[in-house]
**Student:** 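Could you have a look at this structure, given as structure tokens, before my questions?
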Amino acid sequence: MRCTVTGRPPVGTMYESVVWVSLGIMIFSFWISYQFRNAMAILLACFVSAIGLILADQFPLILDPSLKPLAPVLRSNFWLTVHVLIITLSYAAFALAMGIGNWTLLKFITKPQDPSIRTLVQMIYRTMQIGVLLLTAGTILGGVWADYSWGRFWGWDPKEVWALIALLFYLVIVHGKYAGWLRDFGVASGAVLAFQGVLTAWYGVNFVMGVGLHSYGFGTGGIGYVLSFTFIEIAIVILAWTRYRSHRGLHSPHNMATQ
């Protein structure tokens with residue numbers, strides 16, 4: 001309905017991008033669940049997507065739902081569709097990977113030997129591959145749009161820098177998994193921690209830093225909720241790491257021999 005009224009893609013404001021990402025999470029979850037024949041991705045996506053929709057609905061002063069004219073630089077339906085939709089869809093894939101990662105870490109905390117962990121990690125890995133592909137394409141296309149609008153492909157604008165940093169976070173995890181450097185726990189915890197880079201690129205640049213050429217997306221408020229979320233995620237990773245280490249130590253060859 002917003003697209004019909006405004007005549008543009010639904011990513012012109014932070015509010016719209018949160019709703020759009022929530023939809024993207026569900027779309028990716030159906031594909032992942034179909035591929036792995038496992039409905040857990042859909043269940044976790046429902047939870048993550050619901051959080052996004054609740055936040056969009058409950059904080060109108062932070063995420064303004066009103067319909068407003070776009071800034072002049074955004075008044076290109078082609079580039080708004082190609083660049084911004086692709087970038088935000090990558091956020092959706094990474095958010096889904098974060099949700100599955102949290103569930104996997106809870107498995108490590110409560111039942112480290114659960115055989116479903118391996119499948120969950122494969123789901124995380126595939127979802128992150130999708131996100132990396134989309135974020136890479138979106139970042140390159142953003143540079144093309146920047147060259148068209150501002151006369152330069154790359155200018156180390158905070159939004160550009162944090163998009164690159166977030167991409168590098170996930171590239172390290174995907175490559176680490178492929179090369180065998182990261183095991184199941186490393187992939188799960190990486191999916192959770194790397195999403196903090198997405199939050200910085202998505203929320204932090206616009207609502208905390210408040211500088212750069214992407215000034216049309218600036219806003220205020222919500223930093224307490226975002227920091228609380230980050231601290232909770234770090235605490236979950238630390239708790240899972242403690243449990244994981246103790247479990248590995250208990251089942252090490254030396255301990256098995258002494259038993």
**Student:** Are Leu164 and Thr139 packed together at the side-chain level, in the sense that at least one heavy-atom pair is separated by less than 4.5 angstrom?
**Tutor:** no

**Student:** Consider only side-chain heavy atoms of I, L, V, M, F, W and Y, link residues closer than 4.5 Å, and tell whether Phe231 and Val192 are in one cluster.
**Tutor:** yes

**Student:** Under 4.5 Å between any side-chain heavy atoms of Thr13 and Asp64, yes or no?
**Tutor:** no

**Student:** Mind running side-chain contact (heavy atoms from CB on, under 4.5 Å) on Asp157 and Arg152 for me, showing each step along the way?
**Tutor:** CA-CA 11 Å; Asp157 182 79; Arg152 92 289 187 277; 4.0 Å; yes

**Student:** If we ignore hydrogens and angles and just use 3.5 Å, is the side chain of His83 paired with the main-chain N or O of Gly138 as donor and acceptor?
**Tutor:** yes

**Student:** Evaluate the criterion side chain to side chain donor-acceptor pair (under 3.5 Å) for residue pair Trp202 and Ser17; output intermediate values, then yes/no.
**Tutor:** CA-CA 9 Å; Trp202 189 17; Ser17 70; 3.2 Å; yes

**Student:** If you define the side chain from C-beta out and look only at heavy atoms, does anything of Leu134 sit under 4.5 Å from Ile87?
**Tutor:** no

**Student:** Determine whether Phe47 and Ile100 fall in the same hydrophobic cluster, where Ile, Leu, Val, Met, Phe, Trp and Tyr are linked whenever their side-chain heavy atoms lie under 4.5 Å apart.
**Tutor:** yes

**Student:** Does a side chain donor of either Trp162 or Thr200 reach within less than 3.5 Å of an acceptor in the other side chain?
**Tutor:** no

**Student:** Is there a ring pair (Phe, Tyr, Trp, His ring centres under 6.0 Å) between Tyr225 and Phe59 once you walk through the steps?
**Tutor:** CA-CA 11 Å; Tyr225 296 102; Phe59 299 99; 4.9 Å; yes

**Student:** Any chance you could measure Leu105, atom CG, to Ile117, atom CD1, to the nearest 0.5 Å?
**Tutor:** 9.0 Å

**Student:** Where do Thr104 and Val121 come nearest, in terms of heavy atoms and distance?
**Tutor:** CG2-CG2, 4.2 Å

**Student:** I need the minimum non-hydrogen distance between Ala92 and Gly24, along with the two atoms involved.
**Tutor:** CB-C, 3.7 Å

**Student:** Between Ser90 and Gly131, which heavy-atom pair has the shortest distance, and what is it?
**Tutor:** CB-O, 3.5 Å

**Student:** Please report the shortest heavy-atom distance between Pro65 and Pro60, naming the atom on each side.
**Tutor:** CD-O, 3.9 Å

**Student:** Does a side-chain heavy-atom distance below 4.5 Å link Trp103 with Met123?
**Tutor:** no

**Student:** If hydrophobic clusters are built from ILVMFWY residues whose side chains come within less than 4.5 Å, do Val19 and Leu67 share one?
**Tutor:** no

**Student:** Nearest 0.5 Å, please: how far is CD1 in Ile42 from OG in Ser33?
**Tutor:** 3.5 Å

**Student:** Minimum heavy-atom separation for Val198 and Tyr170, please, with both atom names.
**Tutor:** CG2-CE1, 3.7 Å

**Student:** Roughly how far, to the nearest 0.5 Å, is CG of Asn102 from CG of Leu44?
**Tutor:** 9.0 Å

**Student:** Are Tyr125 and Ile173 close enough, and set up right, to give a side-chain contact (heavy atoms from CB on, under 4.5 Å), and what steps lead you there?
**Tutor:** CA-CA 9 Å; Tyr125 181 57; Ile173 299 170; over 6 Å; no

**Student:** Can you find a heavy atom in the side chain of Trp145 that is under 4.5 Å from one in the side chain of Val82?
**Tutor:** no

**Student:** Please examine the side chains of Met26 and Cys46, heavy atoms only from C-beta on, and report whether any two atoms are closer than 4.5 Å.
**Tutor:** yes

**Student:** Tell me whether Leu106 is reachable from Met98 by hopping between hydrophobic residues (I, L, V, M, F, W, Y) whose side-chain heavy atoms are closer than 4.5 Å.
**Tutor:** yes

**Student:** Go through Asp57 and Leu53 one step at a time and tell me if the side-chain contact (heavy atoms from CB on, under 4.5 Å) criterion holds.
**Tutor:** CA-CA 6 Å; Asp57 183 65; Leu53 294 176; over 6 Å; no

**Student:** In sequence, state the C-alpha distance, the side-chain angles, and the governing distance for Trp20 and Leu23, and then conclude on side-chain contact (heavy atoms from CB on, under 4.5 Å).
**Tutor:** CA-CA 5 Å; Trp20 168 250; Leu23 173 63; 3.9 Å; yes

**Student:** Measuring from Leu96:CG to Phe195:CZ, what's the distance to the nearest 0.5 Å?
**Tutor:** 10.5 Å

**Student:** When rounded to the nearest 0.5 angstrom, what distance separates NZ in Lys177 from NE2 in His175?
**Tutor:** 13.5 Å

**Student:** Please determine whether the number of non-hydrogen atoms from other residues, nucleotides or ligands lying under 6.0 Å from atom CZ of Phe229 exceeds 12.
**Tutor:** yes

**Student:** Fit a plane to each ring of Trp156 and Trp154, take the angle between them on a 0 to 90° scale, and name the class: parallel (under 30°), tilted (30 to 60°) or perpendicular (over 60°).
**Tutor:** perpendicular

**Student:** Nearest 0.5 Å, please: how far is CZ in Arg183 from CZ in Arg118?
**Tutor:** 10.0 Å

**Student:** Nearest heavy-atom pair of Phe28 and Leu89: which atoms, and what distance?
**Tutor:** CE1-O, 3.3 Å

**Student:** Hey, is the main chain of Gly155 close enough, under 3.5 Å, to the side chain of Glu160 for a donor-acceptor pair?
**Tutor:** yes

**Student:** Looking at side-chain heavy atoms only, is the closest gap between Ser116 and Lys107 below 4.5 Å?
**Tutor:** yes

**Student:** According to a hydrophobic-cluster definition based on side-chain heavy atoms being under 4.5 Å apart (Ile, Leu, Val, Met, Phe, Trp, Tyr only), do Val172 and Leu133 belong together?
**Tutor:** no

**Student:** Within the structure provided, determine whether Phe94 and Leu135 are in side-chain contact (heavy-atom separation under 4.5 Å).
**Tutor:** yes

